[in-house]
Amino acid sequence: LKRTWREPAVVWVAVVGESGDKKTPAFKLAIAPLVEVQRKMAGEYEDERKKYEDRLREYVLERKKSTKEGKVPEAPPNLPHMGSVLVNDATLEAFVQTLGHNPRGVLKIEDELAALTRSLDQYKGTGKGREKQVYLSCWSASYLSIERKTNPEPIIVPRPCASIAGNIQPGMLPVLVPSKEDPEGFHKRLLGMLDPAA
């Protein structure tokens with residue numbers, strides 16, 4: 001629209017097919033390159049974690065020495081975070097933390113999309129949670145801030161980008177079909193303007 005216009009690279013995809021249509025093998029093949037990237041990221045994280053633990057041991061000794069000498073100890077080493085391109089099973093807070101550590105975005109993979117939509121706000125009661133709103137913020141890459149009593153610091157993600165891809169059988173489509181109970185348009189973003197009567 002204009003030179004300053006920006007849109008996030010976010011895609012929500014639902015692959016619809018009957019049981020036995022080979023949805024899962026095709027899905028695995030499609031995400032195989034990302035699985036390989038994730039494997040490399042995990043290896044890099046292990047190396048960084050070992051370096052961190054070595055630095056932490058050195059820091060503890062240096063801190064004891066500094067305290068005895070009446071000096072101010074240096075700051076402790078920063079805990080490394082594993083890079084991610086794929087997320088499968090995570091609590092909402094963990095998912096948002098992952099987005100915070102991965103500003104280029106992640107792909108949330110769901111072999112059964114119906115399970116994702118049914119699990120939204122399952123512990124809060126119908127209409128009482130905010131999980132849908134968090135996912136919608138990810139769809140539009142809108143600012144996210146989550147504060148909980150259990151977390152000492154708020155989780156802030158200025159531009160969360162989360163794509164979603166998964167499979168669903170035609171018989172389970174009513175779970176995703178837009179309805180009066182979806183005023184925010186969560187399901188429409190997965191299935192477009194699918195006609196419930198189709």
Side-chain angles (χ1 to χ4, degrees), residues 7-39 41-42 82-142 144 146 155 157 159-198:
E7 281 295 329
V10 173
V11 178
W12 287 14
V13 177
V15 179
V16 183
E18 296 286 358
S19 179
D21 277 355
K22 308 281 192 294
K23 296 186 300 297
T24 298
F27 192 71
K28 286 180 179 177
L29 186 63
I31 66 168
L34 291 177
V35 171
E36 180 60 20
V37 170
Q38 187 65 63
R39 187 189 65 76
M41 285 179 159
M82 183 167 65
S84 294
V85 291
L86 292 175
V87 174
N88 179 244
D89 184 18
T91 64
L92 184 65
E93 285 80 7
F95 181 53
V96 174
Q97 280 182 330
T98 298
L99 290 170
H101 297 308
N102 298 277
R104 295 184 68 186
V106 298
L107 172 64
K108 183 163 177 55
I109 53 174
E110 293 287 343
D111 196 42
E112 294 293 339
L113 275 173
L116 169 66
T117 57
R118 284 176 168 166
S119 69
L120 294 175
D121 303 322
Q122 65 179 332
Y123 301 113
K124 308 281 177 62
T126 306
K128 294 181 180 177
R130 289 193 29 81
E131 291 187 18
K132 279 186 187 177
Q133 286 76 14
V134 169
Y135 277 104
L136 290 171
S137 292
C138 295
W139 184 83
S140 60
S142 300
L144 262 180
I146 294 184
I155 306 169
V157 188
R159 191 173 166 83
C161 293
S163 293
I164 299 176
N167 302 315
I168 190 165
Q169 297 174 18
M172 296 301 294
L173 281 175
V175 176
L176 298 188
V177 170
S179 69
K180 293 177 183 177
E181 290 150 15
D182 182 35
E184 307 95 341
F186 177 87
H187 300 91
K188 290 178 184 177
R189 285 164 171 81
L190 277 174
L191 291 176
M193 298 302 290
L194 183 65
D195 183 355

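Model, not experiment: these values are computed from the prediction.
Separation of atoms CD1 (Ile155) and CZ (Phe95) is listed at 12.0 Å; rounding is to 0.5 Å. Taken to the nearest 0.5 Å, the OG atom of Ser140 stands 9.5 Å off from the CZ atom of Arg159. Remark: Ser84 OG to Gln38 CD distance equals 4.5 Å, nearest 0.5 Å. Once rounded to the nearest 0.5 Å, the distance linking CG of Asn102 with CG of Leu86 reads 10.5 Å.
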Pairs of donor and acceptor atoms involving the side chains of residues 107-114, under 3.5 Å and at least two apart or interchain, shall be tabulated with distances.
{"from": "Lys108", "atom 1": "NZ", "to": "Asn88", "atom 2": "O", "distance (Å)": "2.9"}
{"from": "Lys108", "atom 1": "NZ", "to": "Glu110", "atom 2": "OE2", "distance (Å)": "3.2"}
{"from": "Asp111", "atom 1": "OD1", "to": "Thr24", "atom 2": "OG1", "distance (Å)": "3.1"}
{"from": "Asp111", "atom 1": "OD1", "to": "Asn167", "atom 2": "ND2", "distance (Å)": "3.1"}

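Between Leu99 and Cys161, the closest heavy-atom pair is CD2-O, 3.4 Å. Across Tyr135 and Trp12, no two heavy atoms sit closer than the pair O-CZ2, 3.4 Å. In this structure, Met82 and Met41 approach most closely via the heavy-atom pair CG-O, 4.0 Å.
Between Val10 and Cys138, the closest side-chain pair of non-hydrogen atoms is not below 4.5 Å.
Listed for the Lys23 side chain is no donor-acceptor partner under 3.5 Å among the backbone atoms of Val16.
Around atom CG of Asp21, more than 12 heavy atoms belonging to other residues, nucleotides or ligands sit under 6.0 Å away.
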